Novice: 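One structure is given below, represented as structure tokens, and several questions about it will come after.
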Amino acid sequence: MSGSDTDALTRLDAAELARRVQAREVSSVEVTRAHLERIEAVERTGLNAFLHVAADQALAAAAAVDDEIAAGTVRSPLAGVPVAIKDNMTTRDMPTTCASRILDGWRPPYDATVVRRLRDAGLVPLGKTNLDEFAMGGSNENSAYGAVRNPWDRTRVPGGSSGGSAAATAVGEAPLALGSDTGGSIRQPGAFTGTVGMKPTYGTVSRYGLVAFSSSLDQIGPLGRTVLDAAMLHEVVGGHDPCDQTSIDAPLPPVVEAALAGARGDLAGVRVGVVTELSGEGYQPGVLAAFTDAVRVLTELGAEVVEVSCPSFTYAMPAYYLIAPSEASSNLARFDAMRYGLRVGDDGSRSTDEVMSATREAGFGPEVKRRIMIGTHALSAGSYDALYGKAQKVRTLIVRDFTAAFERCDVLVSPTVPTTAFPIGDRVDDPVSMYLADLCTIPANLAGIAGLSVPCGLAPEDGMPVGLQVMTPALADDRAYRVGAAYETARDAASGVPFASTVPDPAALETAS
Ligand code: GLN
């Protein structure tokens with residue numbers, strides 16, 4: 001295949017790729033090969049979005065789908081389309097590292113439910129994407145395997161922790177990717193890379209096989225270049241799973257139908273609430289400008305826009321940074337040098353405790369250690385009531401704020417992040433400034449509701465993408481897709497070019513230089 005064929009196929013969205021493969025205009029093998037070539041060209045420039053590429057398995061899976069389609073069987077609307085998987089979801093034929101040294105060499109014996117569902121639906125896993133170690137971070141700089149670069153500006157972060165999945169999707173290494181979102185890790189890198197990212201309602205996408213960070217907040221979700229693509233992937237992985245005790249036994253909201261309806265229709269009768277506490281002072285001017293413009297578009301589409309106040313959101317960040325590390329300190333106790341991956345100092349002269357401690361010392365990076373220490377402290381007898389218990393009370397207040405707001409509005413909107421993607425290295429020495437990148441996304445995780453990030457233009461001061469966040473009540477994820485798709489259609493109609501086609505191409509830059 002020539003370079004231009006590769007480029008053409010890797011620029012198409014997943015819905016169109018699926019249509020062509022299923023109509024046998026192009027084979028899944030050709031589509032998969034094009035993406036593997038794209039990965040090779042882009043990774044050569046140092047993007048570092050992938051930790052593992054499974055070329056042979058991908059081509060074999062694609063060939064099997066082609067055979068089925070030739071025999072008249074189409075497993076799902078996305079059959080034949082490649083997908084990238086964040087490396088904190090287990091895969092039986094690929095390593096799972098969580099971007100941590102402690103899982104060096106670990107081969108999971110089973111597929112996460114979402115991975116099994118991808119395979120069952122005939123999607124083609126390309127490989128595993130880079131992340132902040134154990135999904136702890138907002139910039140991807142906490143990976144033990146090096147930072148990911150932002151394709152829009154290689155000196156900047158792609159966001160985190162699903163930075164590899166977001167960068168790969170933005171730049172056409174994969175048309176679709178899975179991420180996980182504990183405090184914003186799908187939506188925030190979505191905003192930083194100009195991709196669409198969705199954190200579904202808690203309990204609606206199985207966490208079985210997602211390596212646990214903070215179990216009451218973690219949620220797997222889709223990334224794509226269009227709202228419809230994200231909805232299509234959401235539909236494949238979502239729905240009840242008996243293997244996950246927190247899985248909700250209810251039908252998945254009609255997310256694809258909503259995305260299609262949104263793209264065709266207006267927003268007449270939709271009540272949109274702008275959250276007072278999630279904009280204003282401290283926000284980057286270009287982010288506020290892009291957000292204000294997006295709200296104007298929603299109004300033009302017929303939405304009724306009101307301002308709503310959620311006063312407890314002010315305490316969401318400190319509450320999150322107690323609850324998430326507390327759960328992490330307990331979840332990460334399983335990495336004990338005995339069961340998984342790395343083992344340091346096991347030379348026969350040391351006790352189990354000494355090997356465990358040497359392994360954890362060598363295997364965990366600084367941010368993971370910081371969180372284990374904060375969490376252990378917050379849960380200790382002398383601090384529990386003042387720290388962990390207080391944070392749980394704040395969590396209840398946040399749920400109440402959302403409940404009150406959703407009595408007046410169908411969806412709530414805000415910027416996804418207060419700033420655009422920041423330069424690599426800028427915030428690594430200042431955890432608190434790093435934590436601020438999650439200010440707008442954390443409330444949805446604490447309340448278990450859904451949140452979508454849709455690109456809403458570029459900030460004039462740095463030319464970097466800005467995200468519009470659309471939050472919905474639990475189990476009303478479809479509303480976010482409807483509003484997101486309506487906005488996306490109006491946005492592209494106004495500019496005359498699909499936003500997704502404007503991502504700079506690092507491979508082309510490389511050839512040019
Ligand atoms: N950036 C946030 C954190 O560091 C959120 C991470 C996530 O959602 N996985 O915890």
Side-chain angles (χ1 to χ4, degrees), residues 10 35-55 58 82-89 91 94-104 125-180 185-186 188-195 197 211 223 225 365-368 420-428 434 437 464-465 503-511 513:
T10 58
H35 284 90
L36 291 168
E37 282 169 10
R38 179 79 179 144
I39 291 172
E40 222 184 292
V42 173
E43 292 297 293
R44 214 183 300 129
T45 71
L47 198 79
N48 205 23
F50 278 84
L51 294 178
H52 182 82
V53 179
V83 60
I85 302 165
K86 185 177 181 179
D87 201 20
N88 60 349
M89 300 172 209
T91 40
M94 295 179 238
T96 297
T97 68
C98 294
S100 180
R101 295 276 174 218
I102 211 153
L103 280 172
D104 247 358
L126 293 167
K128 305 296 286 288
T129 56
N130 206 346
L131 64 153
D132 286 296
E133 186 176 0
F134 286 106
M136 296 179 193
S139 72
N140 235 288
E141 293 164 290
N142 295 338
S143 167
Y145 302 100
V148 180
R149 293 175 182 277
N150 190 316
W152 290 82
D153 174 348
R154 296 158 46 80
T155 66
R156 292 177 190 256
V157 304
S161 62
S162 311
S165 285
T169 305
V171 81
E173 292 180 295
L176 296 168
L178 287 180
S180 67
S185 279
I186 294 173
Q188 187 255 37
F192 278 9
T193 59
T195 49
V211 179
L223 285 142
R225 292 193 294 272
E367 182 64 20
V368 174
T420 56
F422 42 86
I424 292 175
D426 239 27
R427 301 194 186 179
V428 275
M434 187 73 89
M464 296 300 289
V503 190
D505 183 349
L509 290 177
E510 170 109 326
T511 324
S513 60

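These numbers were taken from a predicted model, which means no experiment stands behind them.
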Novice: Hey, is the main chain of Val148 close enough, under 3.5 Å, to the side chain of Asn130 for a donor-acceptor pair?
Specialist: no
Novice: Can you tell if the side chain of Met434 reaches within under 4.5 Å of the side chain of Phe422, non-hydrogen atoms only?
Specialist: yes
Novice: For Arg101 and Gly365, indicate whether the former's side chain and the latter's backbone hold a donor-acceptor pair under 3.5 Å.
Specialist: no
Novice: Are the side chain of Arg225 and the backbone of Thr169 linked by a donor-acceptor contact shorter than 3.5 Å?
Specialist: yes
Novice: Using modelled atom types only, decide if a donor and an acceptor are shared between the side chain of Trp152 and the backbone of Thr193 within a distance under 3.5 Å.
Specialist: yes
Novice: Is a salt bridge present between Asp132 and Lys86, judged by a nitrogen-to-oxygen distance below 4.0 Å?
Specialist: no
Novice: Does the side chain to side chain contact (heavy atoms under 4.5 Å, CB included) test come out yes or no for Val157 and Glu141, once each step is laid out?
Specialist: CA-CA 8 Å; Val157 304; Glu141 293 164 290; 3.7 Å; yes
Novice: Taking all non-hydrogen atoms of both residues, which atom of Ala84 and which atom of Ala174 are closest, and how far apart?
Specialist: CB-CB, 3.9 Å
Novice: Could you measure the distance from the CG atom of Asp87 to the CG atom of Leu178? Nearest 0.5 Å is fine.
Specialist: 12.5 Å
Novice: Determine the minimum heavy-atom distance between Gly137 and Asn142, stating which atoms define it.
Specialist: CA-ND2, 3.6 Å
Novice: Stepwise, does the side chain to side chain contact (heavy atoms under 4.5 Å, CB included) test hold for Val83 with Leu126?
Specialist: CA-CA 6 Å; Val83 60; Leu126 293 167; over 6 Å; no
Novice: Without swapping roles, check the side chain of Ser162 against the backbone of Ser165 for a donor-acceptor pair under 3.5 Å.
Specialist: no
Novice: Taking all atoms of both residues into account, what is the closest heavy-atom pair of Arg149 and Pro158, and its distance?
Specialist: O-CB, 4.1 Å
Novice: Can you name the nearest heavy-atom pair linking Val503 to Pro151, along with the distance?
Specialist: CG1-CB, 4.3 Å
Novice: For Thr45 and Arg154, does a side-chain donor sit closer than 3.5 Å to a side-chain acceptor?
Specialist: yes
Novice: Between Asn88 and Ala135, is there a donor-acceptor pair closer than 3.5 Å when you use the side chain of the first and the backbone of the second?
Specialist: no
Novice: So how far is it from Ser139 OG to Arg156 CZ, rounded to the nearest 0.5 Å?
Specialist: 13.5 Å
Novice: If we check side chain to side chain contact (heavy atoms under 4.5 Å, CB included) with Glu173, which of these qualifies: Thr129, Ile39, Val53, Leu36?
Specialist: Ile39
Novice: Decide side chain to side chain contact (heavy atoms under 4.5 Å, CB included) for Asp505 and Arg38; before the verdict, give the C-alpha distance in whole Å, the side-chain angles of both, and the deciding distance to 0.1 Å.
Specialist: CA-CA 11 Å; Asp505 183 349; Arg38 179 79 179 144; 3.1 Å; yes
Novice: Write down the atom of Phe50, the atom of Ala168, and the distance for their closest heavy-atom approach.
Specialist: CE1-CB, 3.8 Å
Novice: When you compare the side chain of Lys128 with that of Thr97, does any pair of heavy atoms fall below 4.5 Å?
Specialist: no
